[in-house]
Amino acid sequence: MVLNQIEELASRAFDELGKVTNSRELEAWRVHYLGRKSNLTQILRSLATLPLGERCGVGARANEVKEAFEASLAEKKKSLEQGLPLSLQRESLDVTLPGQQVLLGRLHPTTQILDEICDIFSGMGFQVVEGPEAEWEYYNFEALNMPVDHPARDMFATLWIDFETEAGDRPMLLRTHTSPVQIRVMEKSHPPIRVIAPGRVYRYEATDATHEWMFYQVEGLAVDKNITLADLKGTLFEFARRLFGGGRKVRFRCDYFPFVEPGVEVAIDCLVCGGAGCRLCGNSGWIEILGAGMVHPEVLRRVDIDPEVYSGFAFGMGVERIPMLRYGIDDIRLFYSNDLRFLRQF
Ligand code: FA5
């Protein structure tokens with residue numbers, strides 16, 4: 001019985017000694033386990049009252065435990081005096097452990113290609129400008145030769161914004177293309193003009209592999225004396241050469257846009273299928289990247305630029321289609337679905 005008591009006492013005492021972190025706690029431990037009123041001292045004092053057969057074993061064990069307590073006390077005292085505070089020793093830092101991984105952010109592929117496009121055109125003397133995404137109907141359509149009820153407005157499925165001014169309704173929309181920036185620039189500056197305008201555009205369209213409802217365009221505009229379609233072709237060929245290298249085929253075809261005359265559509269041969277036809281190019285072997293043309297005289301007149309003296313070219317390119325061509329990405333919807341497995345590849 002008494003032996004069991006001694007063993008329990010020893011185990012508790014060593015356990016508590018391990019948790020001691022300063023000399024004040026150590027002194028309390030000493031008083032509790034080795035002091036005059038401690039259980040161990042009581043046991044040693046009462047040895048004489050034990051039956052003879054038990055006395056010898058209990059006495060020997062109680063003295064052993066007492067010596068062990070005293071030795072541990074001395075050792076603990078030394079370690080508290082010499083070493084770092086125990087709390088610090090316990091919190092020691094293992095510098096060999098692997099560090100926490102810091103994830104680096106990166107530029108979105110669209111931002112990367114926009115930077116590249118802007119660099120190429122800046123190198124050709126174009127200035128980078130911007131315009132608003134929420135736009136007046138006037139700039140998006142009217143000033144671009146598309147009055148109300150003009151059938152060409154159907155080409156640009158529009159997201160309208162309800163907006164009332166003090167003067168009444170003034171139709172506003174999310175711009176369907178970057179072409180309104182042409183008007184804003186020509187209203188404010190005089191030829192020679194050479195600008196590009198990158199930005200988001202919105203269309204109320206069903207999405208598919210090559211169509212998003214929100215995408216980026218880069219508008220280009222050059223107005224000066226004697227600008228011809230040959231200048232437009234030269235600029236766009238040079239752009240394609242700098243962006244894709246010399247090996248790509250560039251196709252010019254007639255197209256219609258009310259704000260240019262003549263109008264063209266430019267396509268690049270499909271990199272995914274090499275021109276044989278696939279899902280990305282809709283089996284045509286070509287991907288249309290931009291619409292362009294010579295600025296319509298009516299558009300120039302509206303912004304007080306005399307079309308008898310000045311002429312200009314303009315283009316509007318779909319930005320996402322360029323990395324699609326370059327890297328063989330076969331679905332435009334990957335760009336804005338925020339799947340990091342896709343985005344981390346660029
Ligand atoms: C226009 O937006 C005209 N503003 C372009 C223009 C500018 C013509 C200046 C003449 C002078 P279009 O709707 O074709 O044209 O769009 C131009 C390019 O944007 C297309 O060639 C295509 O690359 C891209 N694009 C058009 N619709 C989408 C869409 N839903 N998703 C992704 N890209 C698109």
Side-chain angles (χ1 to χ4, degrees), residues 109-110 113-114 117 121 126 131 135 139-141 143-146 152-159 173-186 193 195-223 227 229 231-233 235-236 239-240 243 250-268 270 280-282 284 286-296 298-300 311-326 329-336:
T110 304
I113 201 73
L114 276 170
I117 294 171
F121 282 109
F126 286 76
E135 184 57 283
Y139 288 102
N140 198 82
F141 289 129
L144 288 164
N145 237 0
M146 287 181 276
R153 286 195 182 201
D154 289 349
M155 289 160 56
F156 304 101
T158 307
L159 287 155
L173 42 77
L174 290 179
R175 67 179 176 191
T176 57
H177 51 176
T178 41
S179 299
V181 188
Q182 288 183 36
I183 306 296
R184 289 182 174 273
V185 168
M186 288 191 288
I193 295 170
V195 291
I196 55 163
R200 286 194 198 99
V201 301
Y202 303 83
R203 297 209 186 158
Y204 186 51
E205 264 182 30
T207 63
D208 63 23
T210 49
H211 293 86
E212 257 293 3
W213 67 272
M214 186 287 293
F215 57 99
Y216 279 75
Q217 285 191 339
V218 172
E219 192 76 10
L221 174 72
V223 185
I227 294 231
L229 192 67
D231 295 310
L232 171 65
K233 270 186 102 171
T235 305
L236 292 179
F239 166 73
L243 197 69
V250 182
R251 184 184 74 180
F252 267 72
R253 284 205 309 198
C254 287
D255 202 350
Y256 171 71
F257 300 95
F259 37 98
V260 288
E261 182 55 40
V264 293
E265 167 226 279
V266 177
I268 308 274
C270 179
L280 176 61
C281 60
S284 68
W286 297 93
I287 296 182
E288 180 203 317
I289 59 160
L290 62 89
M294 300 304 292
V295 183
H296 198 289
E298 260 324 298
V299 174
L300 291 176
S311 55
F313 68 70
F315 58 83
M317 74 176 71
V319 172
E320 292 78 4
R321 300 219 176 149
I322 291 169
M324 288 175 83
L325 273 166
R326 185 189 271 175
I329 300 162
D330 68 357
D331 199 321
I332 193 171
R333 290 167 291 196
L334 288 166
F335 282 84
Y336 306 114

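Ligands are counted one by one from 1 in listed order, and the atoms in each one are counted from 1 as well. All figures in this text were calculated on a predicted structure; none of them were measured in a lab. In this chain, numbering begins with 1 at the start of the sequence shown.
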Quick check: closest heavy atoms across Pro323 and Val319, and the distance to 0.1 Å? CD-O, 3.0 Å
Going by the rule side-chain hydrogen bond (donor to acceptor under 3.5 Å, both in side chains), which residues pair with Tyr256 if we only count those two or more places apart in sequence or in a different chain? none
Determine whether the side chains of Glu320 and Tyr336 contain a donor N or O and an acceptor N or O closer than 3.5 Å. yes
Less than 3.5 Å apart, any donor N or O on the side chain of Thr158 or Tyr202 sitting next to an acceptor on the other? no
Which protein residues have a heavy atom under 4.0 Å from ligand 1? Phe156, His177, Ser179, Gln182, Arg203, Glu205, Thr210, His211, Glu212, Phe215, Gln217, Glu219, Phe257, Phe259, Val260, Glu288, Ile289, Leu290, Gly291, Ala292, Ala314, Phe315, Gly316, Gly318, Arg321, Ile332
Tell me every residue that passes salt bridge (Lys or Arg N to Asp or Glu O under 4.0 Å) with Arg321, counting only those two or more places apart in sequence or in another chain. none
Suppose we screen for ring pair (Phe, Tyr, Trp, His ring centres under 6.0 Å). Which residues come up paired with Tyr216, at least two apart in sequence or across chains? none
